Structure formats: C-alpha cells, structure tokens
> 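Dropping a structure here in structure tokens format, bear with me for questions.
What you see is a predicted model; the values in this text were computed from it and never measured.
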Amino acid sequence: MAAGPAEAGDVATARKAVPTINQISFADVRASLGDGLRDLQRAPACGVAIGAFYAVGGMVIYLLTSWAGLFYLTYPMAAGFVLLGPFAAIALYEVSRRLEAGEPRSLGRVFGVVTGTGGRSLGWMPMLNLFVFFIWIDVAAAIYLGFFGLRRFDLVSLVTEALTTPHGLIFLVAGNAIGAVFAVLVFTTTVVGYPLLLDRDTDFITAIVTSWKAVRANPLPMLSFGVIVGVLTFLAILPALLGLIIVLPVLGHATWHLYRRVVSWPEP
C-alpha cells in the first residue's frame, strides 16, 4: 500500500531533520556502561544468545586458520573482533531500542534487523565494516611477511619469537600501532552511525558524518569509551573467546545508550 501524503511528509521530515550533538562527560560514559549491564539483565536470553553466536563464530575462524597452518593470522583475527564489533552488535542495539520503546524483543524480530527483513535499512555500513576487516587482515599478513618472510611457525614458536627477540618486539609494536589506526577509524565512523540508522530513517552517509561529529565534539569521553571497548574485548577473547558471551552484550547495549546521550533530535 502506498504511503499517504501525511505519512510521506513525516518520512521526508525525518530524513531532513538535523541531529544535535550534545556535550557529554566521563560520567555519561560510566552511566552508559551501567545502562548496558542493566539491559543485559533485563533481556539476558537475547544478549547471551547473541554473544554466544559470535563467540562460536570466532572459535570456528580460529580452528580454520589453525587447520590451514596460518597461525600468524590468529592474533590479527582476534584483534579484528574490535573492527567487527559494531557490526556484531547491531542486534544488541536493536534489543536496547526495543527495551526503551517497550516493543517485543524475540530473537526473530531482533535478527530481522541484521538480515534486512525488519523494516530498517543499514545501507552499506555492514559492508564497510567487512571491507575494513579484510583490508586489516591483508595488511597484517603483509606486516608478517615483511618481518619474517616465508618462515612458518607453530603458535608457540611464533609467540616466543614475538615476545623474546628485538625483531619480534618491533613486529608487535608496528602491528599494534597500525591496528590501532584501523580501530580508531572504525570506531569514529560507527560508534554513533549504527545506532542512528536503527533509530532514524536516514542514509548511511549521514550516519557516518554524525558519528564523526560526535567524536570530534567529545574527543576524550568518546575515545575513552573506545579504549574501554578495546580493552574489554581483548580480555574477553583471552579465555577462548568465552568472555564475549557477556562482554559483547554489555558493550553493545552501552553503545546504544551512549548514542542516546550524545545525539538528540528536534521534536516533530
């Protein structure tokens, strides 16, 4: 059924609305993390299921790289979870949105957003995340080849080489520094972008621009949140990725609440 004139006008107005970027503090970051934990407590089944799904996916990726003898990709793959985090948390943003709006939050409805059948379009944002992830893996492989050439290590030998030799330590520093650049770019582009696309009928370019504006207006609080996300994700990966079952939902819900604090919209 075609939209009526009033409905079409509402959609056009929503698309033209310009968001206001609010000033936030470290207290807002702490409050968002607390809200994220409460959302997990309110909808534990959804949060744990989503966290477990991505933890199992990570385990499968690790097993495949190990089976292929590509141990040097193990750490870049793990670090890549930070780059894929915003994409992985789409369903969690939707859970928080539904909790806030009092809407049903079955797994089918939530995953409908991820698959594009839930009435909301994420545009090219997921493809952007995947593209950056694959570029990062290519760059990580190039760094490894630049330092070690075609030498093949098992996992223990590679870790020993990286941690106990000057050559290996330089390799670690260079790889982590370049990875940090990727992480900052992805965080700046998506921290507000994904929640905005779920919240409003807008295009992904507007979402990206708004996300950059939010970080530029609140550099220290926003980047501190990014550091918290990176550190907690790294710690969650250490116990065979099992920590993601809890950490990923909390961070995903917290990102939604941070978006709600930093972005506001004019009243219709």
> With heavy-atom distances below 4.5 Å as the criterion, would you say the side chains of Val247 and Leu235 are in contact?
no
> Provide the full list of ring-ring contact (aromatic ring centres under 6.0 Å, His included) pairs with a residue in residues 154-189, sequence neighbours left out, each pair given once.
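Checked against ring-ring contact (aromatic ring centres under 6.0 Å, His included) - neighbours excluded - the pairs reaching residues 154-189 are Trp136-Phe182, Phe147-His167, Phe147-Phe171, Phe148-His167, Phe148-Phe171.
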> Is there a donor in the side chain of His257 and an acceptor in the side chain of Asp39, or the other way round, less than 3.5 Å apart?
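Yes, side-chain donor-acceptor contact under 3.5 Å.
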> Would a 4.5 Å heavy-atom cut-off, applied to side chains only, mark Leu169 and Thr165 as touching?
no
> What distance do Arg38 atom CZ and Leu99 atom CG have between them, rounded to the nearest 0.5 Å?
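Arg38 CZ to Leu99 CG: 12.5 Å, rounded to 0.5 Å.
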> Would you say Val262 and Phe26 are hydrophobically clustered, going by side-chain heavy atoms of ILVMFWY under 4.5 Å?
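Per the 4.5 Å side-chain linkage, Val262 and Phe26 are not co-clustered.
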> Kindly work out whether a path of hydrophobic side-chain contacts (I/L/V/M/F/W/Y, heavy atoms less than 4.5 Å apart) joins Val56 to Val48.
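Different hydrophobic clusters.
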> Would a single hydrophobic cluster contain both Tyr54 and Val60, if residues Ile, Leu, Val, Met, Phe, Trp and Tyr are joined by side-chain heavy-atom contacts under 4.5 Å?
no
> Working to the nearest 0.5 angstrom, can you tell me the gap between Ser32 OG and Ile228 CD1?
10.0 Å
> If you define the side chain from C-beta out and look only at heavy atoms, does anything of Leu185 sit under 4.5 Å from Val132?
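When only atoms from C-beta onward are counted, Val132 and Leu185 do not touch, as no gap falls below 4.5 Å.
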> With side-chain hydrogen bond (donor to acceptor under 3.5 Å, both in side chains) as the test, pick out the partner of Asp35 among Arg260, His253, Arg261.
Arg261
> Check Pro249 against Leu244 and note the closest heavy-atom contact, atom names and distance.
CD-O, 3.4 Å
> Apply the test side-chain contact (heavy atoms from CB on, under 4.5 Å) to residues Leu33 and Leu251: give CA-CA distance (whole Å), side-chain angles for both, the deciding distance (0.1 Å), then the verdict.
CA-CA 7 Å; Leu33 290 167; Leu251 293 178; 4.1 Å; yes
> Flag the pair Glu94 and Arg97 as a salt bridge only when some basic side-chain nitrogen lies within less than 4.0 angstrom of an acidic carboxylate oxygen.
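Yes, Glu94 and Arg97 are salt-bridged.
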> Does a side-chain heavy-atom distance below 4.5 Å link Val263 with Thr20?
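When only atoms from C-beta onward are counted, Thr20 and Val263 do not touch, as no gap falls below 4.5 Å.
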> Same hydrophobic cluster for Val184 and Ile143, using side-chain heavy-atom links shorter than 4.5 Å among ILVMFWY?
no
> Distance check, rounded to the nearest 0.5 Å: Leu64 atom CG versus Met59 atom CE?
13.5 Å
> Can you list everything that forms a ring-ring contact (aromatic ring centres under 6.0 Å, His included) with Tyr259? Sequence neighbours excluded, please.
Trp256
> Which residue pairs pass the ring-ring contact (aromatic ring centres under 6.0 Å, His included) test when at least one of the two sits in residues 211-236, sequence neighbours left out?
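ring-ring contact (aromatic ring centres under 6.0 Å, His included) check on residues 211-236 returns no pairs.
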> Starting at OG1 of Thr233, measure out to CG of Leu238 and round the result to the nearest 0.5 Å.
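Here the interatomic distance stands at 11.0 Å.
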> Measuring from atom CG of Leu197 to atom OG1 of Thr210, what distance do you get when rounded to the nearest 0.5 angstrom?
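It comes to 9.0 Å.
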> With side-chain contact (heavy atoms from CB on, under 4.5 Å) as the criterion, how do Arg216 and Thr188 come out once you've worked through the C-alpha distance, each side chain's angles and the decisive distance to 0.1 Å?
CA-CA 9 Å; Arg216 187 177 63 183; Thr188 303; over 6 Å; no
> With heavy-atom distances below 4.5 Å as the criterion, would you say the side chains of Ser211 and Leu196 are in contact?
no
> Would you say the side chains of Tyr194 and Asp199 form a donor-acceptor pair under 3.5 Å?
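No pair is found: no donor N or O on one side chain lies under 3.5 Å from an acceptor on the other.
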> In terms of hydrophobic clusters joined by side-chain contacts under 4.5 Å, are Leu220 and Val191 together?
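Shared cluster, no.
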> Please examine the side chains of Ile208 and Met125, heavy atoms only from C-beta on, and report whether any two atoms are closer than 4.5 Å.
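Yes - at least one pair of side-chain heavy atoms lies under 4.5 Å apart.
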> Does a side-chain heavy-atom distance below 4.5 Å link Ile24 with Leu258?
yes
> Of the non-hydrogen atoms in Gly252 and Ala89, which two are nearest, and what is the gap between them?
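That closest heavy-atom pairing would be CA-CB, 4.0 Å.
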> Pick from Leu92, Val250, Leu248, Val95: which one makes a side-chain contact (heavy atoms from CB on, under 4.5 Å) with Leu40?
Val250
> Report yes if some heavy atom in the side chain of Asn218 is under 4.5 Å from a heavy atom in the side chain of Ile21; otherwise report no.
yes
> When rounded to the nearest 0.5 angstrom, what is the spacing between CD1 in Ile246 and CG in Leu232?
12.5 Å
